[in-house]
Amino acid sequence: MLDQRFDPQSAEGRIYERWEEAGCFRPSGDTSAQAYSIVIPPPNVTGVLHMGHALNNTLQDILVRFERMRGKNVRWQPGTDHAGIATQMVVERQLAEAGGNESRTSLGREKFIDRVWEWKEQSGGQIINQLKRLGASCDWENERFTMGDRHNPDDQMQEAVRKVFVDLYNEGLIYRDKRLVNWDPHFQTAISDLEVENRDVKGHMWHFKYPLAGGETYTYVEKDEDGNVTLEEERDYISIATTRPETMLGDGAVAVHPDDERYAPIVGKLCEIPVGPKEHRRLIPIITDDYPDPDFGSGAVKITGAHDENDYGVAQRNKIPMYRLMDDRAQMRTDGGSYEAAASKAKAIAAGEVTASAAEVDALNLVPEAYRGLDRYEARKQVVADIDADGLMIEIEEKLITQPFGDRSGVVIEPMLTDQWFVKAEELAKPAVEAVRSGETKFVPENWAKTYYNWMDNIQPWCISRQLWWGHRIPAWFGPDGTIFVAHDETAAQAKADGHYGKPTELVQDEDVLDTWFSSALWPFSTQGWPEETEALKQYYPTSVLITAHDIIFFWVARMMMMGIHFMDEVPFHDVYIHALVLDEKGQKMSKSKGNAMDPLELVDEYGADALRFTFARLAAQGRNIRLSKGAVEGYRNFTTKLWNAARFAEMNGCEFGHALTPGELKLPLNRWIAAELGKAAGAITEALEAYKFNEAADALYQFIWNVLCDWYIELIKPVMNGEDETAKAETRKTCGWVIDQTLKLLHPFTPFVTEALWEQTEDESRAREDFLMVQDWPAFGDAWANAEAEAEMAWVLDTVSEIRSTRSVLNVPAGAQISASLIGASDKVKAWAKENETPIKQLARLGSFTVTEDKPARAVTIASGDETVALEILDVIDPAAEIARLDKEMGKLQKDITGTEKKLANENFVAKAPPEIVEENRERVTEWTATLAKLSSAREQLASFS
RNA sequence: GGGCGGUUAGCUCAGCGGUAGAGCACUACGUUGACAUCGUAGGGGUCACUGGUUCGAUCCCAGUACCGCCCA
């Protein structure tokens, strides 16, 4: 006997273990079956399960379980990525908290990395266990880690990364360059654009005078829209607005828009940077470029190519030198020679007297001694104060400014010109874009392809080097003169170098490691054994679908596409399903800092994994975000309870589970009907899942289980079960058990635990379940169970019961009253239905009698529909006014419908141009409504005559 | 500034050319041997606005307003 309700807490862990022990998560390996593979978007090894993961993996698990049941050879590839910065941060923090004297630097690179591995082995990857709590049926025996295996120097995951780097380098698609990157002063490494969060913060805009060289003057004229002069004055300066005064020291030019007439007189002249020792102030040219917006600030922009993204572009276009001002900690430089020496060299460069390489320019430290060693914000204060003291400050504006923050460190990112390794993403992007355009890879919903194109079409060189210790060390070695030797390993590099130099030469390996995403980009094939040509690779690459959220299109989809196509000659996935973001009840993004984050595991604890999973599925409509509330999860927990109790009822009534059934065996309309309904539901669910319409599949299940199976079928079979007809009982027991069996299968991908528990606990002693529900065949009925006759009959029964119930309720007939009802004017077929279903109709509508007659009882309330009428003998127990009100309301509605439809039919254009079946449908409606209206009208007259 | 999306019942959202739907909330009634984590019934909508296409528009097109998100 089943318990009163399902207890997720005690059942889930046990069931999951049994699946795992039985090897249910393993691919069948059956090469004759169609392969179906998904690679998990690998979560950070430091990660903890958040709502996004929970949704993402629930959807993957639904698909994977569905396809497994359909007999496919399924691999759901799990694993984690090594998360360079995040992991290094965790271990560094641990060292600090330990309170000893150990730190990353005191340990040194090798020992520190050992510590990271130890951490990874002991406490990393807790998210994996959290995924198991959700029910994720990943192929855990094949779990992968982007850093591979610590103890195996020939590790294939590392091998794959090395090979990709070396190959791309040899093909000219990886190069080393000095470019502006996002520098994180806290972690002292470059980070990706995508790890930078731009936020609006309160800031200042300082307006300064840059005096013209040699005391020159010009007439500055401002005009309004109509060309009227609004300001005209002589100036010996150009006004520059900046939010970052400390970077003035590295200015290489002042730029104005070529069409800006205000500054036309001074373009090509020089102006002075108004800071630093007066005798060594630098002069910089006033140039034109399209970048400055004449309507913003003064319209003149200072150009600091080494510390600003936009300025970098201007400087590149106009060959303006880019002077780096800060060190790795974003403090003003202390290296190099004196300011005086640097400034005089810079002047010479500016005057075109000498040329300098980028490295020579970079070596110049243009920070005056007074500012050296200051933090960038301290330097800013000083610079502002010094300029102000000089009388060259015009004004300070308070305003919101957009600043870049490191998403891990939370500090302001410093754009900085540094030497880094880059991938020519613009090259690799071409075939990756083409693959989507040609439909080889499809986005679902397809509008996300636009986002993909937009990014890919504007893709920047991908900076892949990171100044970290934890990660794949870049396989590049430098000779004493800086020559680069890229090779698979040190021996190979050494051989190259010795050849190059003609003698044994000492090499130093690049200190940097690769961006974590560099190795993640290989995930769809590296996890399957590449570069070996493994059986797994043949079977499971390309993968069937990648499931992810839109905010990760750039991280995942784009990079995997580029690498997959380049190295495998085939796209890494056929479909990319982009799911919703999980928002809180108010539609806000969940975040720790806002404090509105919900913990999926808490919800699992409270309501069970199934409830959370079903909630996600039902809310996962394409193209919409999900607002999650506890109430929703509770509601779907109730749904699982409902199903549980339906099974419990079946069990109590001796229903038989675990057997086959064929359409020919069924004689009772209600059994034929529920089988037909099940068939329709199964078709809808399958179709929806094939189209990634998780919400529609979940909806079909919810409706079938609650509104059809529980609300009607179980109610309808109660009279059978309590009756005397043993043949009918036997058929119904068999049908009911079978329908529930099939329902469990259909629901299993969504709520694996409760369905598996029911499967296990509803077995008969005589017919023990042979295997898990999880490995049963997916119900595929086609239209084998369709039965128009039974469906029509039961539709009539349901309709009749509903009408009687509604009328009783509206007229306030006591719920317990057993009233008499009769059916009048019915066709022979309907009469037969009425007799056949007398007992269930009586029971469900709470009738004392339900008879078929030709004579309408005198004092009865009429329920009319088309030809037939149901008369309820309740006139004596109700308020006639209530009945008149009911009739008036119904008649009013009917009259309105009839008038509207008649008008439509009177329109010649409608009759001529609308499809004939639509016209016919409308005609039939009018006929039926008119008949009904007539009957209601006569009933009303009669009623009036009584009272 | 560029791009994407949204606006349907009190709330959260489906639907997307042919009589407006669900869940929750609400109201009334109800413990009938599966389930009160429940049942039965009911109320509630000019489908943001303005034009257009069409026999017919919540649905397609154009524009307007407001609200999100992403990128600069």
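First the proteins, then the strands, lettered A, B, ... as listed; each starts at 1. From a predicted model like this one, the values you see are computed outputs, not experimental measurements.
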Counting just side-chain N and O atoms, does [X] come under 4.0 Å of either OP1 or OP2 of [N]?
X	N	answer
A/Lys642	B/G39	yes
A/Asn625	B/C69	no
A/Lys718	B/G33	no
A/Lys889	B/G43	yes

On the side chain of A/Glu715, is there an atom forming a donor-acceptor pair with the base of B/A34 - under 3.5 Å, no angle test? yes
Is it the case that B/U37 (base atoms only) and A/Arg5 (side chain only) share a donor and an acceptor within less than 3.5 Å, ignoring hydrogens and angles? yes
NA contact type, [X], heavy-atom cut-off 4.0 Å: base, sugar-phosphate, or nothing?
X	answer
A/Pro915	base
A/Ala621	sugar-phosphate
A/Trp929	base

Once you round it to whole Å, what is the distance between [atom2] of [N] and [atom1] of [X]?
X	N	atom1	atom2	result
A/Phe694	B/C13	CZ	P	19 Å
A/Asn695	B/G21	CG	P	19 Å
A/Ile705	B/C35	CD1	P	18 Å

Selection from [options] that lies nearest to any side-chain heavy atom of [X]:
X	options	result
A/Phe649	B/A72, B/C55, B/A34	B/A34
A/Thr641	B/C35, B/A72, B/G18	B/C35
A/Asn909	B/C69, B/C55, B/A72	B/C55
A/Glu696	B/G15, B/U37, B/A34	B/G15
A/His550	B/A34, B/A41, B/C69	B/C69
A/Ala815	B/G30, B/C35, B/G18	B/G30
A/Trp706	B/A34, B/G39, B/A72	B/G39
A/Lys913	B/C38, B/C55, B/A34	B/C55

Is there a Watson-Crick or G-U wobble partner for B/C59 with both distances under 3.5 Å, and if so, which one is it? none
Could you tell me how far B/A22 sits from B/C4 if I compare only their C1' atoms? Round to whole Å. 28 Å
Could you check which residues of residues 918-926 of chain A get a heavy atom under 4.0 Å from RNA chain B? Sort them by number, please. A/Ile918, A/Arg925
Using the six-membered ring wherever Trp is involved, compare the ring planes of [X] and [Y] and label them parallel, tilted or perpendicular (cut-offs 30° and 60°).
X	Y	value
A/Phe694	A/Tyr577	perpendicular
A/Tyr702	A/Tyr636	perpendicular
A/Trp556	A/Trp517	perpendicular

Earlier contact from the 5' end, RNA chain B, for A/Ser809 and A/Val813: A/Val813
Assign each of A/Asn812 and A/Arg618 to its nearest nucleotide of RNA chain B by heavy atoms, then name whichever residue's nucleotide is nearer the 5' end. A/Arg618
How far apart are the closest heavy atoms of A/Ala650 and A/Ile740, and which atoms are they? CB-CD1, 3.5 Å
Would [X] and [Y] count as having a side-chain donor-acceptor pair, cut-off 3.5 Å?
X	Y	value
A/Asp311	A/Tyr291	no
A/Lys642	A/Thr640	no
A/Asn671	A/Thr732	yes
A/Asp200	A/Thr402	yes

Heavy atoms, side chains only, cut-off 4.5 Å: are A/Phe704 and A/Leu701 in contact? no
Give each protein N/O atom lying under 3.5 Å from an N/O atom of nucleotides 2-12 of chain B, with the pair distance.
unit_1	atom_1	unit_2	atom_2	d
B/G6	O3'	A/Arg624	NH2	3.3
B/U7	OP1	A/Arg624	NH2	3.0
B/U12	OP1	A/Arg627	NH1	3.2

